[in-house]
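What follows is a single structure, written as structure tokens, with notes after it.
Letters A, B, ... are given to chains in the order of the sequence lines, protein chains preceding strands, and every chain is numbered from 1.
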Protein chains: 2
Amino acid sequence: METKIRNMEDFAKASGISRPTISKYFNDPNAVRNTTRERIEQALETYDYRPNIFAMNQNRKLTRNIGVVVPSLADPFFAEIARNVERRCIDAGYQPTLYSAHGNRDQEVEILDSLRSLKPAGLLIAPLGRNSDKAMIEKFSQKVPTVLFDSYLPDIGLSFGGSDNFQFGRLIVDYLCRTGTPPCFFEMQNPANPNANKRRQGYIAAMEALGHAPQVVSVTGEGWNFEEIGRNGGLEVIDSDGFPSDTVLCSNDRLAIGLISACFARKIPVGFEEDSAIRIAGMDDHPFSRFTCPPLTTISQDYEAISKHAVETLFGNLEGDEITDKVVLFEGNLIMRKSA
Amino acid sequence: METKIRNMEDFAKASGISRPTISKYFNDPNAVRNTTRERIEQALETYDYRPNIFAMNQNRKLTRNIGVVVPSLADPFFAEIARNVERRCIDAGYQPTLYSAHGNRDQEVEILDSLRSLKPAGLLIAPLGRNSDKAMIEKFSQKVPTVLFDSYLPDIGLSFGGSDNFQFGRLIVDYLCRTGTPPCFFEMQNPANPNANKRRQGYIAAMEALGHAPQVVSVTGEGWNFEEIGRNGGLEVIDSDGFPSDTVLCSNDRLAIGLISACFARKIPVGFEEDSAIRIAGMDDHPFSRFTCPPLTTISQDYEAISKHAVETLFGNLEGDEITDKVVLFEGNLIMRKSA
DNA sequence: ACCAAAATTTTACGCGCGGAAACTTTTTAA
DNA sequence: TTAAAAAGTTTCCGCGCGTAAAATTTTGGT
């Protein structure tokens, strides 16, 4: 009992089972007979041995490492979806490692670069988008099974799963038109994320379908400080011409949070009530949008569905399944709150 | 030139340098002569070889892995500080891996458990706090050099670096008393984080020093959904007795965000201006507190100083330095905005 | 009880690198 | 110039495990 278990051989001796069988067990507990598995697991509790992960991965053709890459962890949206993805990887018996590109192209490249040496079994990545080094991601995805989520890059990876951003526009434009003035669209001039373009297109199409003239208000600003951009841009618009409509649909919740802040600074009451001067809506159902003043009307992304698709597609592929859909889009739901 | 470089031996041949010297170079580029280093680095560019990380770590007594553990990544405060810590690790030539306990004791334990097999050179951890399995963290810290940050656990790890939460109270209570009614203190009944206790104590001490009677308002709620707790708690207090003062100091910014939301729902104007009914202040300088309505007056934590202390203390110790201070506290700064 | 199939054991080799020992070459300093 | 120190080379072993092949044992169905 007091034997020092230093490696698999020691453990094999102590448990009375041959080392290759122990090895098989750790690769796949179901690969050994029930009675054997029970004996191993019993011994495991007695000696609390665990195989050396480096020695394992050195020889294995396929590790069980999964790289999870998101563009920014400072954004609670990605923090939340990353948490979801991580959980699912662990439940599937894989070992996820989380990386954030911090909105930076070079960092995204570096992450993939250092990921190479981890010999990952797969990669789940929400690319930066416009700024991504697409050639590099494509090259990587040809060596390592890769599933994209959130942000679409054409012809890269096994599959892509994300929100139907085009539909978002239809959904919320319908609602806004039904309940008040048709909205104008508030966005960044050069959005880093391709979803923003789909959202604009969705807005325009929805407006035209309802016989209204779409009106897009673009504000300048670079990077991922969306609240800041929304606030400064909002102040500028308010202080000059003002918005072309008393209803503003923001390209995403974080811009909306900034815009609400700008309206407050200019004492413009936000909301759908009589005494309000402007209605503001966003898209994403950002974790904080329930706590803005007033709470933000928005379109919720289906976190669960997106992370489920990413993980299940990847692991399905690893286990030999065929990829059925290259692109899977999930619908959003209208979240009605007081801001619009 | 078209030689396939499959391992260090191939690379040694191709570069005309012996394998042990190459090995030394990768362990510490400064351990080889300048001329040799240049030759290696030149060959490195030609062949883009990189050593097998698993084989390296299998044999090295000390890996260059650093575990970085935070209690929650959904909280932008931790996301931000984690980003800071990660960057410093990389700059120091180490390889950080980020983990979030997601506010969950079991997950924190699991993380440390799986971290064992990575043979990390060190651990940088912001513990959950009250919920942490202290015995486990202590045991871990005896095997792996560990530096705590943000949340203090007595007698664990090489050192602790965090904010002087006691001072926070003094700083903001002074300000609030100078500019209006002495504040009451708004907090969770059973805060998960020990910092909350220090903050309450700081508040009480500061109030007494100024000759005011401290008044603490505790609201119920479990977990890490502070905004939700602040909002629901705030609504309850408002709808019953109301706050004992027209100035409310919240234990942290996220509670304050929830409380501001509650005030808005009850149409209570927040701010320091004539027409406002309540002043609200927080503590943390949360990334979003600049965008609340009105922007939140708060105490900023010194992210840079905290992450710098954690990283430099750990790496200093790894390189043989003595630990000078077991506990290092950093002062906060008053951030004056419109809410108070 | 018998036999084929499945599981396990035995034996042996290799992965890519760290690191020690003994030796040779280059650099540094007097 | 010269000897000592430093750096590099050669040679070798070991880390802990994956994995293949052949021999052996166990299993399940008849």
Worksheet item: Do NZ/NE/NH1/NH2 and the carboxylate oxygens of B:K24 and B:D28 come within less than 4.0 Å?
Response: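 Looking at B:D28 together with B:K24, the answer is no, because their closest N to O distance does not fall below 4.0 Å.
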Worksheet entry | Smallest separation among heavy atoms of A:I156 and A:S141, with atom names |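 Here A:I156 and A:S141 meet closest at CG2-OG, 3.8 Å.
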Fill in: Heavy-atom pair of closest approach, residues B:A310 and B:V147
CA-CG1, 3.8 Å
Round to a whole Å and report the spacing from [atom1] of [X] to [atom2] of [N].
X: A:K13; N: C:dT9; atom1: NZ; atom2: C1'; value: 14 Å
X: A:I17; N: C:dT10; atom1: CD1; atom2: P; value: 12 Å
X: B:F26; N: C:dG18; atom1: CZ; atom2: P; value: 9 Å
X: B:F54; N: C:dC15; atom1: CZ; atom2: C1'; value: 13 Å
X: B:Q58; N: C:dG16; atom1: CD; atom2: P; value: 12 Å
X: B:N7; N: C:dG18; atom1: CG; atom2: P; value: 12 Å
X: A:R60; N: C:dG16; atom1: CZ; atom2: C1'; value: 17 Å
X: B:N52; N: C:dG14; atom1: CG; atom2: P; value: 18 Å

Item to complete: Evaluate ring-ring contact (aromatic ring centres under 6.0 Å, His included) for B:Y94 paired with B:F315, printing each intermediate quantity in order.
Response: CA-CA 9 Å; B:Y94 287 81; B:F315 294 159; 4.1 Å; yes
Name the closest nucleotide to the [X] side chain, picking from [options].
X: B:M56; options: D:dG18, D:dT9, C:dG18; value: C:dG18
X: A:N27; options: C:dG18, C:dT9, D:dG18; value: D:dG18
X: B:N59; options: D:dC17, C:dT8, D:dG14; value: D:dG14

Discussion item. So A:Y25, base contact, sugar-phosphate only, or nothing? Heavy-atom distance under 4.0 Å.
Written reply: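 The residue A:Y25 makes no contact with any strand.
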Practice prompt. Quick one: label A:P20 by what it contacts on the DNA or RNA (base, sugar-phosphate, nothing), any heavy atom closer than 4.0 Å.
Written response: base
Worksheet, complete the sentence: Assign each of A:T21 and B:K24 the nucleotide of DNA chain C bearing its closest heavy atom; nearer the 5' end lies the nucleotide of A:T21
Item to complete: Between B:R33 and B:P51, name the one whose nearest nucleotide on DNA chain C is closer to the 5' end.
Response: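 Its nucleotide being nearer the 5' end, the pick is B:P51.
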Discussion item. Working note: A:F54 + B:M56, criterion side chain to side chain contact (heavy atoms under 4.5 Å, CB included); need CA distance, chi angles, decisive distance, verdict.
Written reply: CA-CA 8 Å; A:F54 300 110; B:M56 282 178 69; over 6 Å; no
Worksheet entry | Under 4.0 angstrom between B:Y49 side-chain N/O and C:dG16 OP1 or OP2 | no
Worksheet item: Between A:S23 and D:dG18, does any side-chain N or O lie under 4.0 Å from OP1 or OP2?
Response: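 Yes, within the criterion.
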Discussion item. Is it the case that the base of C:dG16 and the side chain of B:R19 share a donor-acceptor contact (distance under 3.5 Å, atom types as modelled)?
Written reply: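 Result: no qualifying N/O pair found.
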